[in-house]
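So the structure is just underneath, and the comments pick up after that.
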Amino acid sequence: MNQVKIPRSHPRYESLLLREKIIEGYKKGIVVLPGLIAHGRGEAFDYIIGEKTQDFALKAIEAGVAMLLLAERPVVSVNGNTAALVPAELARFSELTGIPLEVNLFYRSREREEAIYKWLKMHGAPKILGVYDERIELDGFESMRRIVSVEGIYSADVVLVPLEDGDRTEALKKMGKKVITIDLNPFSRTAQKADITIVDNIYRVLPLMINEAKRLIDADREELTRIVSSYDNKRILSEAILFIRDRLTRLGEQGVFV
Ligand code: PTJ
């Protein structure tokens with residue numbers, strides 16, 4: 001397929017750019033075919049929330065970063081779509097906070113693991129687990145995601161699992177871990193089960209997480225604890241769903257979308 005040059009003036013510029021990133025990721029062996037479908041589902045929800053970071057996401061981002069900074073052994077789990085969309089931002093966040101990345105795939109193959117490792121390294125990620133270090137199989141779920149790094153997800157107290165299929169969050173929670181997710185679909189199992197759900201496009205979220213980490217990195221533990229303990233994920237999910245309802249009602253009444 002030929003690379004399409006997208007003019008900056010195009011009203012759907014960012015959305016088309018993300019498609020290109022996913023397609024490029026597929027060609028490089030980073031993204032799997034079902035990842036293209038997952039991206040389409042995300043796009044639909046992004047359209048519905050107005051392709052902008054809303055208040056409910058900003059609150060979740062603040063709490064998520066505070067929780068990661070408070071953690072003893074935090075880790076960021078990276079799948080194919082995440083690696084394709086925000087590799088440099090993941091590397092920057094990891095460098096800034098000292099939190100390692102871990103390659104953890106649903107559709108796992110040695111080639112993909114190594115391709116993602118190389119891709120993240122190329123973008124400057126300082127520490128990438130789950131590929132060349134010691135690994136172990138977790139009990140409690142069937143998918144290939146059960147293969148985790150001993151130093152990373154296995155030992156972690158807080159795990160960020162962006163763009164996640166359903167089966168893992170509950171299993172991680174049963175192991176006593178806190179789970180933060182980034183998911184445009186507030187109805188997904190992961191969104192509903194996580195401790196903190198950032199309902200927004202990962203492409204907009206990672207730069208905001210980097211800014212938030214810069215702001216909070218020197219905050220004292222009391223301040224971080226206050227942010228985390230005043231956060232209520234049920235309320236945030238309600239806000240997201242009610243926002244969708246109200247926006248659709250408004251647009252429906254106007255009879256126009258753009
Ligand atoms: O790389 P692998 O092998 O680990 O596989 C990755 C995929 C994404 C294929 C796998 O995890 C999967 O099938 O995921 P699901 O079940 O489709 O869930 C992905 C979730 O991410 C859905 O709820 C989407 O709405 C959401 N999503 C997709 N794109 C974005 C997104 N959320 C935030 N930002 C996006 N850009």
Side-chain angles (χ1 to χ4, degrees), residues 12 14-54 56-57 60-61 64 76-87 89-90 101-117 119-120 130-131 141-149 153 159-172 179-194 196-209 237 240-241 244:
R12 313 216 47 73
E14 276 190 356
S15 172
L16 294 176
L17 193 79
L18 294 194
R19 281 194 178 180
E20 284 303 311
K21 284 179 188 276
I22 288 286
I23 293 167
E24 276 307 303
Y26 175 68
K27 289 186 197 159
K28 289 191 168 76
I30 289 169
V31 172
V32 272
L33 267 180
L36 274 64
I37 299 169
H39 185 75
R41 175 151 51 185
E43 273 187 352
F45 277 98
D46 208 8
Y47 231 106
I48 288 171
I49 66 162
E51 293 174 315
K52 281 198 189 84
T53 302
Q54 304 295 348
F56 46 80
I61 288 169
V76 176
S77 181
V78 180
N79 65 14
N81 285 43
T82 300
L85 291 172
V86 283
E89 293 82 355
L90 287 168
L101 307 178
E102 175 167 341
V103 178
N104 183 274
L105 305 176
F106 186 82
Y107 302 96
R108 194 156 205 145
S109 73
R110 193 63 195 160
E111 293 72 34
R112 279 191 79 211
E113 286 171 358
E114 290 182 355
I116 294 171
Y117 181 96
W119 177 245
L120 293 171
V131 182
F141 53 108
E142 296 296 312
S143 83
M144 295 297 268
R145 287 207 190 281
R146 70 182 181 277
I147 304 167
V148 298
S149 153
I153 290 173
V159 192
L160 171 63
V161 292
L163 279 61
E164 176 80 3
D165 42 275
D167 73 341
R168 188 159 62 141
T169 300
E170 260 182 299
L172 292 177
V179 178
I180 304 165
T181 193
I182 302 167
D183 192 335
L184 275 159
N185 176 4
F187 306 105
S188 80
R189 260 198 300 160
T190 300
Q192 295 281 326
K193 297 283 178 197
I196 296 180
T197 306
I198 302 167
V199 182
D200 196 15
N201 198 318
I202 192 164
Y203 172 72
R204 292 189 297 270
V205 171
L206 254 291
L208 293 170
M209 284 182 69
L237 285 170
I241 293 165
I244 289 173

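Both ligands and their constituent atoms are indexed starting at 1 by order of listing. Note that the structure is predicted; figures quoted are calculated from it, not measured.
When only interatomic distances are considered, the shortest N/O to N/O separation between Arg41 and ligand 1 falls below 3.5 Å. For a threshold of 3.5 Å applied to N or O pairs, the pair formed by Ser188 and ligand 1 contains no separation below that value. For the pair Ile202 and ligand 1, the shortest N or O to N or O distance falls below 3.5 Å.
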Which side-chain N or O atoms in residues 29-45 pair as donor and acceptor under 3.5 Å with protein atoms at least two apart or in another chain?
| unit_1 | atom_1 | unit_2 | atom_2 | d |
| --- | --- | --- | --- | --- |
| Glu43 | OE1 | Arg19 | NE | 3.4 |
| Glu43 | OE1 | Arg19 | NH2 | 2.8 |
| Glu43 | OE2 | Arg19 | NE | 2.7 |

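Across all non-hydrogen atoms, the minimal contact from Leu90 to Leu120 is CD1-CD2, 4.1 Å. In terms of heavy atoms, Pro162 sits closest to Ile202 at CB-CD1, 3.7 Å. Residues Leu163 and Asn79 come closest through the heavy atom pair O-ND2, 2.9 Å.
Under 3.5 Å, the side chains of Arg168 and Ser77 contain a donor-acceptor pair of N or O atoms.
Near Glu164, meaning under 4.0 Å from any of its heavy atoms, are these atoms of ligand 1: 18 (O), 19 (C). With ligand atoms numbered from 1 in the order given, ligand 1 contributes 23 (O), 25 (O) to contacts under 4.0 Å with heavy atoms of Asn185. Remark: ligand 1 atoms within the under-4.0 Å shell around heavy atoms of Arg112 are 1 (O), 2 (P), 3 (O). Proximity to Arg145 (heavy-atom distance under 4.0 Å) selects the following atoms of ligand 1: 4 (O), 11 (O). The atoms of ligand 1 that sit less than 4.0 Å from any heavy atom of Asp183 are 20 (C), 21 (O), 22 (C), 23 (O), 24 (C), 25 (O), 26 (C), 32 (N). Near Leu85, meaning under 4.0 Å from any of its heavy atoms, are these atoms of ligand 1: 36 (N). Distances below 4.0 Å separate heavy atoms of Gly80 from the following atoms of ligand 1: 1 (O). Against a heavy-atom cut-off of under 4.0 Å, Gly35 is close to the following atoms of ligand 1: 9 (C).
Under 4.0 Å is where a charged nitrogen must lie from a carboxylate oxygen, and between Arg204 and Glu14 no such pair does. A salt bridge is defined here as a Lys NZ or Arg NE, NH1 or NH2 lying under 4.0 Å from an Asp or Glu carboxylate O, and Glu24 with Lys21 fails to meet this definition.
Of the possible donor and acceptor atoms, none in the side chain of Thr197 sits under 3.5 Å from a partner among the backbone N and O of Thr181. Side-chain atoms of Trp119 never come within 3.5 Å of backbone atoms of Pro87 as a donor-acceptor pair (strictly under, hydrogens ignored). Ser143 contributes a side-chain N or O that, together with a main-chain N or O of Arg145, makes up a donor-acceptor pair within less than 3.5 Å. In this structure, Gln192 contributes its side chain and Pro186 its backbone to a donor-acceptor pair below 3.5 Å.
Atom 8 (C) of ligand 1 has as its closest protein heavy atom Ala38 CB, 3.7 Å. Scanning all protein heavy atoms for the shortest distance to atom 10 (C) of ligand 1 gives Asp165 OD1, 3.4 Å. The nearest heavy-atom contact from the protein to atom 36 (N) of ligand 1 is Asn201 OD1, 2.9 Å. With respect to atom 5 (O) of ligand 1, the closest heavy atom belonging to the protein is Tyr107 CD1, 3.8 Å. In this structure, the protein non-hydrogen atom closest to atom 6 (C) of ligand 1 is Asn79 ND2, 3.7 Å. In terms of protein heavy-atom proximity, atom 32 (N) of ligand 1 is nearest to Leu184 N, 3.1 Å.
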TODO: Begin with the C-alpha distance, continue with both residues' side-chain angles, and end with the deciding distance and a verdict on side chain to side chain donor-acceptor pair (under 3.5 Å) for Ser188 and Asp183.
DONE: CA-CA 8 Å; Ser188 80; Asp183 192 335; 2.7 Å; yes

Exercise for the section: Please step through side chain to side chain contact (heavy atoms under 4.5 Å, CB included) for the pair Met209 and Leu160, ending with a clear verdict. Expected result: CA-CA 12 Å; Met209 284 182 69; Leu160 171 63; 3.9 Å; yes

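With atom 2 (P) of ligand 1 as the reference point, the heavy atom nearest to it among Phe45, Tyr203, Phe106 is part of Phe106. If you check each of Gly40, Gly42, Ala44, Ser143 against atom 29 (N) of ligand 1, the one with the closest non-hydrogen atom is Gly42. When the heavy atoms of Val78, Leu163, Ile198 are ranked by distance to atom 21 (O) of ligand 1, first place goes to Leu163.
Within the 4.0 Å heavy-atom cutoff, Asp200 counts among the residues contacting ligand 1.
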